[in-house]
Structure formats: C-alpha cells, structure tokens
Peer 1: 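Okay, here's the structure, questions in a sec.
Any value given below was found using the heavy atoms of this structure, including those in side chains, with hydrogens, waters and symmetry copies removed. Chain letters run A, B, ... following the sequence lines, proteins first, then strands; residues in each count from 1.
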There are 2 protein chains.
Amino acid sequence: MDIGWDDLRTVLALVRHGSLAAAAKHLDVSYTTVSRRITRAEAGLNLTLFERLADGYRPTETAVLVAEHAARMDAAEHDLLRKLRGRDSTLTGPFVLTAPQLLIANFLAPVLDRFCAAHRQVELRVRATNDLLDLNRREADLAIRISHSPGDTLMGLRLTQQHNASFANPEWADQITANPSGPVDWLIYDQYPDVPKAAMQAHLGSRVRMRFDDMVAMLGAAQAGLGVVRTPMFLGRTTPGLVQVPVLPPHPYADIWVVGHPDVWPSAKSVAFRDVLVDYIKAQRALFVA
Amino acid sequence: MDIGWDDLRTVLALVRHGSLAAAAKHLDVSYTTVSRRITRAEAGLNLTLFERLADGYRPTETAVLVAEHAARMDAAEHDLLRKLRGRDSTLTGPFVLTAPQLLIANFLAPVLDRFCAAHRQVELRVRATNDLLDLNRREADLAIRISHSPGDTLMGLRLTQQHNASFANPEWADQITANPSGPVDWLIYDQYPDVPKAAMQAHLGSRVRMRFDDMVAMLGAAQAGLGVVRTPMFLGRTTPGLVQVPVLPPHPYADIWVVGHPDVWPSAKSVAFRDVLVDYIKAQRALFVA
DNA sequence: TGTCCGGCGTGCAAATATGCATGTATGGAT
DNA sequence: ATCCATACATGCATATTTGCACGCCGGACA
C-alpha cells in the first residue's frame, strides 16, 4: 500500500477536471500519462479510484477522499511557492500582473512601459481580464482591481478614489446642450443596470436603448452615437470620441486598488512594480475624479 | 519556478535525515537518485537548497522552509493512508502489530497463533519493541501498551489491570522462608529505580546489588539467583525458574491497553485482531492480578 | 447512414530516471 | 604513515516513464 506523490497529484487533477485530457492539460503531460499514473495509483493502493464510463472517468468515493487529502498537499505546495516568491529579492525572471482590460488599455500602459524600461531583466507577463484571478494559487503576483476593499486574505494599497459620470459622442453632447431636458437614449452596463431616477425625471421620455455585458462594446456603441453611457471618469475621458455630458452629476465609484497575497507582497519585483505604479498614479490622480 | 511533488518529498527526506544515504534509505531509492532529485529541485526553483559539506548536505534556510511545507504534505499523505486503512474491510494483506517484547514472548504468542489460524490471508507482522511506534505515521496498525492511558490522539481499550510483586529463584525463596526478616539483594529496573522503604525496613541489611536497563537481562539474572526482582505478576509467573517471594506485597501496576489511531481503528483486520485478543485476555485475566 | 468528435486503450520508439561501479575527499583509528 | 569508514560525484548500462500514432467506441448531426 503505497503511492507516489506525483501520482496523488494526478488523481487530484483527474478528480478536479473529470477527464484524462483535461487533467493532462492542467498537469502539462499527455493524457496517456495520466491514464497510466491512475492505473499505477490504483494498483499501488489496491483500490478502484475511478469508474471508466463512456463520457469520462467518474471518481469513486475513495477517490474523493484521496483527492481531499491531495488538495491539502496542493494547498501546501502553493503556500510554499508563494513564500518562496515573497523571499525572492532579485529583479530578474517572470512577474505576472493582472488588471482589468480597460484599465490597462486606457491608463496603465505607461506604467508597464516604465517598469519594463527600469527593470530590463524582468519578464513581465500581463493578464488583462475582468476575472478575478486566484492569487492564492499564484495565477498572478499582483493584481490591480476596481473594488471597495482588497478582499479576503489579500493585502492592498488604495491607489485612488474615482468618480463616474455620463458620456456620449459630440453630437449627443450638442443635442443635450441645445435641449437640456430632452430625452436621452441610455446604453446600460449589466453590472450597473439601473438608471438614476433623477436623470429619468430630468429627461422625460428617456429610454434604455441597449444593455451590454461588455464595457468595450458599450463604449464603442457610445462612440458610434448610439446613446449615453455612465462610465468611470477615466474611461470616458480617455476614450476618443466621447465627451462628458451633464446628464448625470459625477458620483463616487469603486476605488482602484493594487492587491497581492501577503506572502508574495514583499518580493522585490512586487515592490518595484508598486513603486512605479504609485508614482504614476500620484501624478495622474486628477484623471479619476471630477 | 516549478517542482515535482516527488522532488519535494526528497528534499524533505534529506532535510530530515541529513545525508544522501540516509534520505535514500528512507525513500527506498539509491543515494544517487536523491542527489539528482535535489539537483533537479534546485534547478527548478532556481535556488540553492543545500550546502555541500564534507560531512553531508546542510540545508539552507530556504530548504528548511521547503521542508516545513513538504512536512505538511507528508502529514496529509499519512492522514490519507490511515483513513484508507481504516476503510479497508478485507481480511487479507498486511497487518502490523506492535507490543513490548516480553508481553509477546511471555503471553501473546497464543493470540498471534489464533489470529493467524483464523485469518490465513492476513500477513501479520509483529514489531516487538519497547519503543513507542508512531501510529500517526503508520509504523503499526495496532499497539499493545503498558501504560496509564491510551495516549494523546489515540483510541484504546483497557485489556486488564495488573499487579506487580517480588520474585526470585527457588533458593532465594527458601532462604526468605527460613529467615523472613533477613537481608535480600535487589535487582532493580532503571524505570522503577526505588525500593519501597517498608521492604528495606522489614529486611534490614538489604542492598541494591545491580541495576538493569533491560528487563530480559534482569529476569535472567534473577533466574541465575543474583537477587530479588520486582516485576509484573504475569512476567514473574511465566518466567521459568522464578517464584513469588513475600518481600513486597502485590501492588497495582500500569494497565495493559490495546491502542490504535482512530482512523485505522475500524479496519476489519484491526477489529478481528481485537476480537481474538479480548477473548483471550478475558480467559487469562487471573494471570495479571494477585 | 455516413461522418465527425470527444474520450479512451495500446504498441512502439524516444526521453528520462535510476542503480551500479568506480573514483575522490575527509576525518578518525591503528 | 596507513588503513578504513563515511559521504559524495560521475560515467555508463539498464529500467522506467513518456509521447505519439493509430484504432476503437458511442453519441450528435446532417
């Protein structure tokens, strides 16, 4: 009764991902290898861990037990690798940053540029996504996030407050100037689905023309003149073809934070990046507020 | 920055055991393999984990950190394998019992015999030692111990109380009968180093003739007539050539327990062994008490 | 019904890991 | 001074592990 640790890890991956191919992708081996490691694990433990079904491997109760313990081992490994990263005092090698797409595209590019210029040896990898990557599992070293708090177990630095306001293309702006209480067409972002009542009353006859699940698409529609959007100041101001319109007064919006796992936070690369970032933000703070 | 789990385990073994050869023995591979796995781990992490010294590998601070986390993984593995054993409902395969040497030699042999006869498929392994094996680390499935409680995190069943008393060879017995208050020579076991005052006063002129760290040796000396020993009833009674002498009155001694880890306790083989054991002990309880 | 696709098993060659044998260095015992 | 034991490095042959190519199966779909 014995099992190698790499085989345990393989059982975990298969329980988590359900098929040989999926597990193999996460482990970065071929599914053939996964298959044979599972066979070996079952032989070593003298137990059946999976039922082979037509649509994949189904874990037995025993395999779930195995996977639970392997998950503890997995957590310990992540914990270790985070701590090792935190102790890394070099300014060389990989460094992974994640931030919302639009923040990178419309604002952060100069920060990335300066950081890379100052630290030529660092291999910066940017993960531009609105998904919250799991910093516990080392999906990124540092994250820039728009939220009210750094979050659960993470450390954070609040970079700036920000406001949002209403923006539209110049034709809409002219029209609103000409008729300040006329109706407007709204473009609405799913995550902020309600139009303030005051705006509806001040502009009788307004309607929600479209709803979007994607901010990039919505801003594009606004540029094309499809309507008025409510968006953070920095986005409205940095998107060509949009101007602020006096439909909504500026309103406080979620803050911008730089957050990281406490273990990784003190690493040299993380410190260096924050230096550049904070420096730049200080100079640019006016962009974010009314 | 990456490391295989088996390599982590190897780092742990090397930190724990200090030399390639020692680590290799515990991992059941050759020290060459350990050496190369360490090299690979260091390359993978891009860190120095050990200083190569003339008298072995010395772990760096980093390696200690790695080992701490690997130890958590190790604990999770032991936890898992214990639980798997506990779920084992077969009466086949290996089963490891540990008990004090003398308990096995002088009393338990019939239990082992009956258990093996009843369960021919079980490969019984007996570890006769006075050391307390680590049941957390699966050094044994079940232990029979002489102690006041089952201990820390273990489960237990108290098999019997017992008494101790004074024993010697027949010549000493005759001599004591002839002169009930005459001096006696004591043979003393290190773990119970004091002779009761009452006995010294009742037998003026008595002395401690020798001290032993080993009960087998001490009983041998008593058989040879070197003096009087204080020993559990069952040992005095089952050691040929010894008879009880009225120097010390019987006195309560530590109980006999069968203990196991709660995870392993319910396994079929463990249950089956306890059945045979408890059955036998019930019939033999008189042997242990005055 | 024929085709495609996801999911899997298997033979074989290549890549990788392992063990053995041998060689070096160091410290202690004779 | 010499010998021995411990601890490690390294070349080489062997074992094991891996990936690829190919084939099988069942279900979805035109």
Side-chain angles (χ1 to χ4, degrees), chain A residues 1-64 66-67 70 73-74 77, chain B residues 1-64 66-67 70 73-74 77:
Chain A
M1 179 145 146
D2 205 14
I3 184 171
W5 283 14
D6 282 332
D7 289 353
L8 275 178
R9 176 189 231 173
T10 305
V11 172
L12 174 61
L14 184 51
V15 170
R16 278 186 172 158
H17 302 114
S19 80
L20 293 184
K25 192 158 53 185
H26 287 266
L27 293 170
D28 200 26
V29 295
S30 86
Y31 76 92
T32 319
T33 300
V34 175
S35 162
R36 282 187 282 227
R37 287 197 192 152
I38 297 299
T39 304
R40 188 171 57 200
E42 289 184 325
L45 295 175
N46 198 25
L47 288 169
T48 302
L49 294 175
F50 296 88
E51 295 171 69
R52 277 75 169 165
L53 301 179
D55 62 337
Y57 276 48
R58 156 170 303 160
T60 62
E61 215 177 310
T62 306
V64 173
V66 174
M73 298 171 72
D74 186 53
E77 188 210 0
Chain B
M1 180 145 146
D2 205 14
I3 184 171
W5 284 13
D6 283 333
D7 289 352
L8 274 179
R9 176 189 230 172
T10 304
V11 172
L12 173 61
L14 184 50
V15 170
R16 278 186 172 158
H17 302 113
S19 79
L20 294 183
K25 192 157 52 183
H26 286 266
L27 293 170
D28 200 25
V29 295
S30 86
Y31 75 92
T32 318
T33 299
V34 175
S35 162
R36 283 187 280 229
R37 287 195 192 155
I38 296 300
T39 305
R40 189 171 56 201
E42 289 184 326
L45 296 174
N46 198 24
L47 287 168
T48 302
L49 294 175
F50 296 88
E51 295 171 68
R52 277 72 169 165
L53 300 180
D55 63 336
Y57 276 48
R58 156 173 301 160
T60 62
E61 216 177 310
T62 306
V64 173
V66 174
M73 298 171 72
D74 186 54
E77 189 211 358

Peer 1: Measure the distance from CG on A:Asp55 to P on C:dG9 and round it to the nearest whole Å.
Peer 2: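 About 13 Å, once rounded to whole Å.
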Peer 1: Take nucleotides 18-30 of chain C nucleotide by nucleotide from the 5' end and write B, S or -, depending on whether a protein heavy atom sits under 4.0 Å from the base, only from the sugar-phosphate, or from neither.
Peer 2: BBBBB---S----
Peer 1: So, for B:Pro59 and B:Val64, which heavy atoms are closest and what is the spacing to 0.1 Å?
Peer 2: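 For B:Pro59 and B:Val64, the tightest heavy-atom pair comes out as CB-CG2, 4.3 Å.
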Peer 1: Over all heavy atoms of both residues, which pair between A:Leu20 and A:Ser35 is shortest? Give the atoms and the distance, please.
Peer 2: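 Result for this residue pair: CD1-CB, 3.7 Å.
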Peer 1: Calculate the interatomic distance between A:Leu53 atom CG and C:dG7 atom P; express it in whole Å.
Peer 2: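 These atoms are roughly 13 Å apart.
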Peer 1: Does B:Trp5 offer a backbone N or O that forms a donor-acceptor pair with the side chain of A:Asp6 under 3.5 Å?
Peer 2: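 Flag set: sc A:Asp6 to bb B:Trp5 pair under 3.5 Å.
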Peer 1: Report yes if a side-chain nitrogen or oxygen of A:Tyr57 is closer than 4.0 Å to either non-bridging phosphate oxygen (OP1 or OP2) of C:dG6; otherwise report no.
Peer 2: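 Negative; the distance criterion is not met.
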Peer 1: Which value, rounded to the nearest 0.5 Å, describes the distance between A:Ser30 atom OG and A:Arg36 atom CZ?
Peer 2: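 Between A:Ser30 OG and A:Arg36 CZ, I get 7.0 Å after rounding to 0.5 Å.
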Peer 1: How many Å lie between CG on B:Asp6 and C1' on D:dT17, as a whole number?
Peer 2: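 In whole Å, D:dT17 C1' and B:Asp6 CG are 12 Å from each other.
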Peer 1: Considering all heavy atoms of both residues, which atom of B:Leu49 and which atom of B:Ala41 are nearest to each other, and what is their separation?
Peer 2: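 Looking at all heavy atoms of both residues, the shortest contact is CD1-CB, 4.2 Å.
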Peer 1: Out of curiosity, A:Met73 CE to B:Glu77 CD, how far, rounded to the nearest 0.5 Å?
Peer 2: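 Interatomic distance, A:Met73 CE to B:Glu77 CD, rounded to 0.5 Å: 6.0 Å.
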Peer 1: About how many Å separate CD1 of A:Ile3 and CD of A:Glu42, when rounded to the nearest 0.5 Å?
Peer 2: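 The CD1 atom of A:Ile3 is 9.5 Å from CD of A:Glu42, to the nearest 0.5 Å.
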Peer 1: Counting only heavy atoms not in B:Arg52, do more than 12 sit closer than 6.0 Å to its CZ atom?
Peer 2: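 Correct, the count exceeds 12.
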Peer 1: Take the protein atom CZ of A:Arg52 and the nucleotide atom C1' of D:dC24, then report the distance between them rounded to whole Å.
Peer 2: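 Between C1' of D:dC24 and CZ of A:Arg52: 17 Å.
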Peer 1: Run the ring-ring contact (aromatic ring centres under 6.0 Å, His included) test against A:Phe50 and tell me which residues pass, sequence neighbours left out.
Peer 2: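 Listed in chain order: A:Tyr57.
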Peer 1: In whole angstrom, give the distance that lies between atom CG of B:Asp7 and atom C1' of C:dA17.
Peer 2: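 Spelled out: CG on B:Asp7 to C1' on C:dA17 is 11 Å.
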Peer 1: Any side-chain N or O of A:Ser35 below 4.0 angstrom from OP1/OP2 of C:dG9?
Peer 2: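 Result: yes.
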Peer 1: Taking DNA chain C as the partner, which of residues 9-20 of chain A come within under 4.0 angstrom of it by heavy atom?
Peer 2: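 By residue number: A:Ser19, A:Leu20.
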Peer 1: Rounded to the nearest Å, what distance is computed from the CZ atom of residue B:Arg58 to the C1' atom of nucleotide D:dA7?
Peer 2: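 Taking CZ of B:Arg58 and C1' of D:dA7, I get 15 Å after rounding.
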